[in-house]
Every structure is written in structure tokens, then in C-alpha cells.
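Excluded from the calculations below are hydrogen atoms, water molecules and symmetry mates; all remaining heavy atoms, backbone and side chain alike, are included. Positions are given from 1 along the sequence.
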Amino acid sequence: MTAKKKPKVYITRKLPDAVETRMRELFDAELNIDDAPRSVPELIAAVRTADVLVPTVTDRIDAALIDEAGPQMKLIASFSNGTDHIDVEAAARKGITVTNTPNVLTEDTADMTMALILAVPRRLGEGARVLTDKPGEWAGWSPTWMLGRRIHGKRIGIVGMGRIGTAVARRAKAFGLSIHYHNRKRVNPAVEDELEATYWESLDQMLARVDIVSVNCPSTPATFHLISARRLALLQPTAYLVNTARGDVVDEAALIKALREGRIAGAGLDVFENEPAVNPKLVKLANEGKVVLLPHMSSATIEGRIDMGDKVIINIRTFIDGHRPPNRVLPGR
């Protein structure tokens, strides 16, 4: 009896060793050892020969690339929670199933969101640089030096009350913040009661009344520049904005203008509109202490990445065995 042929799986980026080892055991897996982003010609060559493509959020899997796929390729098993980098409709037309890795990054992303909620008003980045950039020049404690803003007792407005937004709300409540949120629909009444949360059907009305805005909604055509110049103008001059969702949900140029003109107090950003490029004006604002910038690391934990890899493997094995994978992404979702 001949052994069943292993499916050919093409992985676009380096994954944790434990995940790659398991991939090699189960599949005919082509790894990316040097972790350099794959070029378009490399991706085209891959989809022409592989049975399964495993991309990440840094890979653009658009309709043109999908059209190049050979008849053997039937699955795009994305190593990601979001799928805005994949043209799911084009994949469906080609008869290709798309999967993702949901519900494993919730707590990690919420932790980092809370870290930025603390870091921006309390000027953590500035304080750390005092000791590292000019060693020996700190004169010691002073009652009026490096004053920030208290977050206890303030109002937080969460834009997008899904799993991550709810996890952020639980952390914020523990820090004494009053929870406000805007969502396409209200959350379960039991969750509202637990969080003592106030629902705002109007995003505009909520933005005008909160002290901290946390952006936690997905990137979709409907949320592109959801936090626009007009909406940024609604914020109080003492308000802070934190974004750990996707860069294009916030109009970055308008945010920079609002920060430079002092129309909002500060921002904490883990995502950017043109990643991996970061607007030099944002870097300048960070050096001036008006923003805290992180390199898209809110989900970067060892545990989270291994959990993501496990989901990719389960999706591939389920699909190869002829069953519907548990994390299938349908067009329009």
C-alpha cells in the first residue's frame, strides 16, 4: 500500500519553530527560513504549484494573484485573524476556500491596548527616554515635573465592541474607567450590565463625550477612515486616541494635523495606514511626546503565535480530509 501523498503547503513567512516542525511532519511544507516578505513573482509561482497557501497580513492576496492559481490550489489558510489582505470574493469565484485564525489574539491585543491607554496619558515613553537618551541628567523627583493625566474616573469610548473591544472594556473597568461603546448593534444585556457600559448608537455623540477613544473594529470598506477629520474634530482637546485595530480605520493625515495643532491631547498607535512605512510626521510627534508608536506588536506573544499556527494546521487537515474547516471565511463577512 502506498502512503498518501502529503499536500504541498507554501508558507509565506517564518512561523514559530514548533509550528513549522509540525507543518513539516504533516505536509510537504515549503518554509520561509529567512523571513523576507515574498515578492509578487514568488507568490505567483507558489499559487501555480501549491495545494495550500499560508499567507500572513503582510501578503496581498488580490484577485490578480488568485487568478494565477493552478487548478490544484483549493485552500488559502491565512495565518491571521483579519482577512482584509485577501480578496475572499475572488477566491470563491475560483473555487478556493479561505480560512483564518480567529479568537486566539483577543487577550494579547487587549493587553497591549490597555498598555497604550496607560502609556499615553502617563507619558511612559517620555519618562523612559529621560533615563536612556541622556543618562546622568535626571535631577531627581520634582512635584511639578513630567505630569501626566489620571485615567481613573475617566470615560473610555470603545469603537467596535467585539471580542477584543469587550476584553479592553473589562480591563478598563478594572482601572476605574467608565465604559462607553459604539457598535453596529448592542452587546448582550448581561455583558452591558457586567461592564456597566453605555451604548451609543451615534458614534459622533460618543466621541464628543469621552476622554479616551479605543479603536477596536475590523478594517472593511465601511470602516475606512471611520475616524475621519470631521470626527476627530468632535473630540475634546484633552482626549486621547488609541488604535490597535487597523491603520486605515483612522485618517492618519487628519490625526497628525489634530495632534500638531493641539486639538487632541495625544495618541497611541500600534498600526499605521501605510505599513510598514510610518509617516515621518508621526515620528516627529513621538519625539515631542505627543504620541506613543509601536511596530504592530499588539498580538506578538509566543503563545498567541503558536495558537495561530495550531489553527492553521487544523484548518488544513480538516480541509484535506474532505470536511469543512472550522474557520472558513465566507464572502461578504
> Identify, with sequence neighbours excluded, every residue that meets salt bridge (Lys or Arg N to Asp or Glu O under 4.0 Å) alongside Asp17.
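For Asp17, the residues satisfying salt bridge (Lys or Arg N to Asp or Glu O under 4.0 Å) (neighbours in sequence not counted) are Lys14.
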
> Is a side-chain N or O of Thr109 found less than 3.5 angstrom from the main chain of Thr106, in a donor-acceptor match?
no

> Just to verify, what does Tyr240 make a side-chain hydrogen bond (donor to acceptor under 3.5 Å, both in side chains) with, not counting sequence neighbours?
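side-chain hydrogen bond (donor to acceptor under 3.5 Å, both in side chains) list for Tyr240, sorted by chain: empty.
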
> So, Arg246 and Asp248, do they make that salt bridge, N to O below 4.0 Å?
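Between Asp248 and Arg246 there is no salt bridge, as every charged N stays at least 4.0 Å from the carboxylate O atoms.
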
> So Ile314 and Val312, do their side chains get closer than 4.5 Å, heavy atoms only?
no

> Mind jotting down which residue pairs meet the side chain to side chain donor-acceptor pair (under 3.5 Å) criterion with at least one end in residues 203-213? Sequence neighbours excluded, please.
Asp204-Arg230, Asp204-Arg231

> Please identify each residue that fulfils ring pair (Phe, Tyr, Trp, His ring centres under 6.0 Å) with Tyr199, with sequence neighbours left out.
Tyr181

> So do Leu282 and Glu252 actually touch side chain to side chain, heavy atoms under 4.5 Å?
yes

> Indicate yes or no for a side-chain donor-acceptor contact from Arg38 to the backbone of Leu43 under 3.5 Å, with no hydrogens or angles considered.
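Pair absent, no side-chain N/O of Arg38 close to backbone of Leu43.
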
> Just checking, is any N or O donor in the side chain of His182 or Ser202 under 3.5 Å from an acceptor N or O on the other one?
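No.
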
> Who else is in the cluster with Val130 when I, L, V, M, F, W and Y are joined by side-chain contacts under 4.5 Å?
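Joined to Val130, directly or through intermediates: Leu131, Trp138, Trp145, Met146.
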
> Looking at Lys94, I'd like to know if its NZ atom is crowded, meaning that more than 12 non-hydrogen atoms belonging to other residues, nucleotides or ligands lie closer than 6.0 Å.
yes

> Can you tell whether the side chains of Glu201 and Arg186 come within less than 4.0 Å, N to carboxylate O?
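No salt bridge links Glu201 with Arg186.
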
> Side chain to side chain donor-acceptor pair (under 3.5 Å): which pairs involve residues 125-135, sequence neighbours left out?
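Non-adjacent pairs meeting side chain to side chain donor-acceptor pair (under 3.5 Å): Arg123-Glu126.
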
> Tell me whether Asn243 contacts the main-chain N or O of Leu269 through its side chain, where contact means a donor paired with an acceptor under 3.5 Å.
no

> Any carboxylate oxygen within less than 4.0 angstrom of a Lys/Arg side-chain nitrogen, looking at Lys284 and Glu288?
yes

> Salt bridge (charged side-chain N to carboxylate O under 4.0 Å, His left out): which pairs involve residues 256-268, sequence neighbours left out?
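Qualifying pairs, neighbours excluded: Lys257-Glu261, Glu261-Arg263.
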
> Do the side chain of Asp87 and the main chain of Ala90 share a donor and acceptor less than 3.5 angstrom apart?
yes

> What residues, two or more places apart in sequence or in another chain, satisfy side-chain hydrogen bond (donor to acceptor under 3.5 Å, both in side chains) together with Thr99?
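Per chain and number, Thr99 pairs via side-chain hydrogen bond (donor to acceptor under 3.5 Å, both in side chains) with no residue.
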
> Going by side-chain contact (heavy atoms from CB on, under 4.5 Å), name the residues that satisfy it together with Gln72, two or more places apart in sequence or in a different chain.
Asp51

> Taking atom types as modelled, is there a side-chain donor on Thr318 or Asp321 under 3.5 Å from an acceptor on the other?
no

> Does Lys311 reach the main-chain N or O of Pro102 with its side chain, forming a donor-acceptor pair under 3.5 Å?
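Checking the backbone N and O of Pro102 against the side chain of Lys311, a donor-acceptor pair under 3.5 Å is found.
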
> What residues, two or more places apart in sequence or in another chain, satisfy salt bridge (Lys or Arg N to Asp or Glu O under 4.0 Å) together with Glu137?
none

> With sequence neighbours excluded, give me every side chain to side chain donor-acceptor pair (under 3.5 Å) pair touching residues 149-164.
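Of all non-adjacent pairs touching residues 149-164, those that pass side chain to side chain donor-acceptor pair (under 3.5 Å) are Asn103-Arg163.
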
> Is any side-chain heavy atom of Val168 less than 4.5 Å from a side-chain heavy atom of Thr244?
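They are not in contact (no side-chain heavy atoms under 4.5 Å apart), so the answer is no.
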
> For the CD atom on Glu42, are there more than 12 heavy atoms of other groups (residues, nucleotides or ligands in this structure) within a distance under 6.0 Å?
yes

> Quick one: hydrophobic cluster around Trp141, which other residues, with the 4.5 Å side-chain cut-off, linked directly or via members?
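Members other than Trp141 - counting any ILVMFWY side chain reachable under 4.5 Å - there are none.
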
> Taking atom types as modelled, find out whether Asn315 and Asn327 have a side-chain donor-acceptor pair closer than 3.5 angstrom.
yes

> Does a side chain donor of either Ser298 or Asp270 reach within less than 3.5 Å of an acceptor in the other side chain?
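Checked: Ser298/Asp270 side chains pair up, N/O donor to acceptor below 3.5 Å.
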
> Same cluster or not: are Val242 and Val159 linked, directly or through other Ile, Leu, Val, Met, Phe, Trp or Tyr residues, by side-chain heavy atoms under 4.5 angstrom apart?
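No.
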
> So, Asp108 versus Ser299: side-chain donor-acceptor pair below 3.5 Å or not?
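Absent: no donor and acceptor within the cut-off.
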
